[in-house]
2 protein chains.
Amino acid sequence: MDAMSEPLDDFVAVIPAGGIGSRLWPLSRAESPKFLHDLTGSGLTLLRTTWDRLLPLAGAANISIVTGRAHGDKVEDSLPDIDLDNVFIEQDPRDSAAAIGLAAAILHRRNPEVVIGSFAADHVIKRQRVFEFTVRQAVAAAREGYIATIGIQPSEPAIGFGYIKTGDELVIDDAPMAARVERFVEKPDLATARAYFADRSYLWNAGMFISRADVLLDELAQNEPELHAGLVEIAAAWDTPERDAVATRVWPTLKKIAIDYAVAEPAAEKGRLAVIPGQFDWDDVGDFASLWKLVGDGRRDGVTVLGPNDNVLEDDASALVVSQTDRVIAMIGVQNVIVVDTPDALLVTTSEHAQRVKQTVSALQTQGRNSVL
Amino acid sequence: MDAMSEPLDDFVAVIPAGGIGSRLWPLSRAESPKFLHDLTGSGLTLLRTTWDRLLPLAGAANISIVTGRAHGDKVEDSLPDIDLDNVFIEQDPRDSAAAIGLAAAILHRRNPEVVIGSFAADHVIKRQRVFEFTVRQAVAAAREGYIATIGIQPSEPAIGFGYIKTGDELVIDDAPMAARVERFVEKPDLATARAYFADRSYLWNAGMFISRADVLLDELAQNEPELHAGLVEIAAAWDTPERDAVATRVWPTLKKIAIDYAVAEPAAEKGRLAVIPGQFDWDDVGDFASLWKLVGDGRRDGVTVLGPNDNVLEDDASALVVSQTDRVIAMIGVQNVIVVDTPDALLVTTSEHAQRVKQTVSALQTQGRNSVL
């Protein structure tokens with residue numbers, strides 16, 4: 001076997017598995033977040049397909065998960081081969097800088113040379129070989145001291161993602177496609193998105209960051225010194241009998257901030273961020289509109305069913321039906337409708353309104369209807 | 001009390017309670033047909049409101065029901081004051097001429113002078129005093145030997161109903177509004193319906209027929225002699241120990257035909273049919289579009305909920321939600337949608353497609369999914 005098919009040395013893939021995915025309510029909810037669902041009809045959870053995707057790059061012993069207390073057991077069910085020392089349980093959700101920083105600090109104590117790559121637990125990626133090729137370049141850039149990110153080559157002028165503006169080429173062995181990140185840009189309006197799409201130097205920010213753990217921690221120390229100090233303190237106790245005592249005391253004091261703001265953007269301003277363009281299909285499946293696009297292969301004629309329900313009937317309808325029940329569901333004459341059918345909650349919406357599901361979840365929270373959230 | 005508030009002498013109100021109402025599936029179904037539902041939010045079944053409407057006209061001892069074996073118990077639950085001698089159980093459904101003819105034949109044996117009026121179990125009527133005033137006129141016309149019907153003054157150019165063309169005035173004591181029926185016309189197209197609506201002499205055929213039992217039986221004998229003979233044979237045995245034996249033998253041989261074709265239309269051709277215009281609000285609630293109009297008072301903004309479900313949320317939606325569960329139901333951004341939510345079946349359609357529900361029910365029958373029908 002050549003090097004391209006063997007796990008990378010001194011590399012740990014980190015999977016933050018925290019977000020509920022509330023725009024996918026009532027499918028995703030606190031007790032069964034998005035990453036524990038099969039959203040592609042593959043029969044596997046998104047978390048498990050993420051694991052499988054990273055396995056050739058890191059090997060089973062070098063994939064770690066950062067997740068919440070509520071999901072520890074389900075994560076282990078989904079990933080029977082995981083080393084339990086690599087499951088990092090958060091006391092409570094404190095955003096991505098704390099989650100990834102915790103993994104970096106612990107893994108750095110275990111191996112000072114380690115390169116870590118963080119990959120969301122709930123994204124969908126096709127073209128595995130291209131993905132691997134891209135990550136290997138990112139790891140090569142990381143070994144040179146860069147914080148590397150993977151920017152997805154846009155397939156449409158999307159307004160739902162942030163963008164990465166590619167700058168000058170970087171000359172790095174084993175990373176032929178690497179370039180400097182010129183800057184990050186927030187989600188654009190449609191006109192701007194169209195300009196980005198035509199430009200080709202703007203890539204989607206998929207939130208994948210690959211760097212040496214020490215480089216990431218240094219950057220964090222410069223930008224968020226208190227957060228860094230807290231994480232280092234927890235990490236020092238992690239593999240000792242003091243873990244619980246220290247984590248319980250320190251974790252709840254940590255600042256909630258996204259890794260983008262705590263690490264990536266400041267590093268980009270200093271020219272320390274590299275980007276590898278990812279020429280693979282990627283989707284964060286952020287709402288039911290993107291889920292429909294994904295499972296319907298972009299087609300909107302007829303009714304696309306996701307889930308085990310064999311009892312969906314259609315008559316002159318175009319719809320996505322996501323069903324977790326075995327009820328007979330008849331879709332008659334409705335166009336461009338999304339139905340999500342669970343035992344205790346039902347959502348009926350459209351592609352155009354799929355983003356508004358989040359507000360309904362907020363309204364349910366305000367009303368204290370936590371049993372369905 | 002004056003005569004207008006006392007039950008009529010020698011009058012029996014007959015309520016054929018047979019139809020499932022399959023265009024209201026999955027709410028209406030074989031085990032819980034339309035007439036056993038509360039479709040107005042009153043807390044009472046349609047059958048019970050029909051009973052209550054007829055009570056001042058006939059009195060509790062003189063209201064009879066013709067229904068199927070499966071519904072006998074539920075009918076009695078819904079109508080605690082009914083005289084069980086007035087519940088006529090059909091062996092199997094054989095359309096309205098057999099159902100109403102059976103009642104006529106039995107009631108005629110019990111009282112040769114009786115006038116019977118048949119009123120569907122599953123219609124909605126508002127303006128009780130006007131209804132009573134109209135029926136009393138119809139009974140007066142019936143006593144003069146006419147088969148009387150009540151034609152509803154149209155409130156819009158409906159294409160979903162048959163029409164009655166009013167002819168010359170009839171001079172009948174106590175029936176000042178009576179006229180001869182010129183002819184019956186089938187459901188029109190929209191242009192024709194508009195012409196009828198402008199004309200004002202066209203009334204909706206609501207299927208209410210009031211006549212002396214002997215007159216109705218004579219007309220049936222002329223047009224459908226075998227059906228008549230069978231009904232007379234069953235009626236002769238009805239109040240004897242032979243009832244079951246004769247009914248079991250004869251009923252299944254009876255022709256299935258609507259009372260409109262077996263009695264009303266032939267009688268109209270002979271000039272024996274009288275019509276009293278009904279100036280009250282009437283709806284047969286034939287499908288979910290008319291149900292929405294009824295319970296939403298004609299308004300389509302916002303979400304109208306029918307049923308006990310308190311957990312329906314809306315965000316920029318216009319919909320009718322009929323729910324028999326307590327699931328949280330979120331309607332987001334959908335316009336003009338009808339959702340019918342039952343424990344084992346879900347329908348999503350629009351007002352414009354509400355008539356097509358019947359085809360879906362047929363498809364389910366073909367597939368043998370009787371558990372939800």
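Note that the structure is a prediction, hence the values are computed from the model and not measured.
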Quiz item: Contact part of A/Gln367 toward chain B, heavy-atom cut-off under 4.5 Å: side chain, backbone, both or neither?
Solution: side chain
Practice problem: Decide if atom CD of B/Glu31 counts as having more than 12 heavy atoms of other residues, nucleotides or ligands within a radius under 6.0 Å. | Solution: no
Exercise. Counting only heavy atoms closer than 4.5 Å, note whether A/Val340 contacts chain B via side chain, backbone, both or neither.
Key: neither
Quiz prompt | chain B contact via A/Leu313 - which portion, at a heavy-atom distance below 4.5 Å | solution = side chain
Self-check item: Region of A/Ser323 in contact with chain B, defined by heavy-atom distances below 4.5 Å
Solution: neither
Self-check item: More than 12 heavy atoms from other groups under 6.0 Å of OH on B/Tyr261
Solution: no
Quiz item: Can you list the steps and then say if B/Asp341 with A/Arg327 is a side chain to side chain contact (heavy atoms under 4.5 Å, CB included)?
Solution: CA-CA 10 Å; B/Asp341 165 63; A/Arg327 303 201 300 172; 2.9 Å; yes
Practice problem: Let me know if A/Asn336 has heavy atoms under 4.5 Å from chain B in its side chain, its backbone, both or neither. | Solution: neither
Practice problem: Step through the shown structure and confirm whether more than 12 heavy atoms of other residues, nucleotides or ligands are within 6.0 Å of CD on B/Glu156. | Solution: yes
Quiz item: Do B/Val348 and A/Val321 pass the side chain to side chain contact (heavy atoms under 4.5 Å, CB included) test, and can you show the C-alpha distance, the side-chain angles, and the key distance before you say yes or no?
Solution: CA-CA 11 Å; B/Val348 184; A/Val321 175; over 6 Å; no
Quiz item: Between A/His353 and B/Asp315, does a side chain to side chain contact (heavy atoms under 4.5 Å, CB included) hold up when you go through it step by step?
Solution: CA-CA 9 Å; A/His353 294 79; B/Asp315 175 9; over 6 Å; no
Exercise. Could you tell me which of B/Pro343, B/Ala363, B/Ser371 has the largest number of non-hydrogen atom pairs under 4.5 Å with chain A?
Key: B/Pro343
Exercise. Please lay out, stage by stage, how A/Asp316 and B/Arg356 fare under the test side chain to side chain contact (heavy atoms under 4.5 Å, CB included).
Key: CA-CA 10 Å; A/Asp316 190 24; B/Arg356 294 174 72 153; 3.8 Å; yes
Quiz item: Among A/Asn311, A/Val328, A/Thr325, A/Val339, whose side chain to side chain contact (heavy atoms under 4.5 Å, CB included) with B/Leu346 holds?
Solution: A/Val339
Quiz item: NZ of B/Lys74: more than 12 outside heavy atoms within 6.0 angstrom?
Solution: yes
Exercise. Measure across B/Ile332 and A/Val357 and return the closest heavy-atom pair with its distance rounded to 0.1 Å.
Key: CD1-CA, 3.8 Å
Practice problem: Answer yes or no: is there a donor N or O on one side and an acceptor on the other, between the side chain of B/Thr350 and the main chain of A/Gly333, under 3.5 Å? | Solution: no
Self-check item: Selection from A/Asp326, A/Val312, A/Val372, A/Asp344 maximising heavy-atom pairs under 4.5 Å formed with chain B
Solution: A/Asp344
Practice problem: Flag yes if more than 12 heavy atoms outside B/Lys358 fall under 6.0 Å of its NZ atom; otherwise flag no. | Solution: no
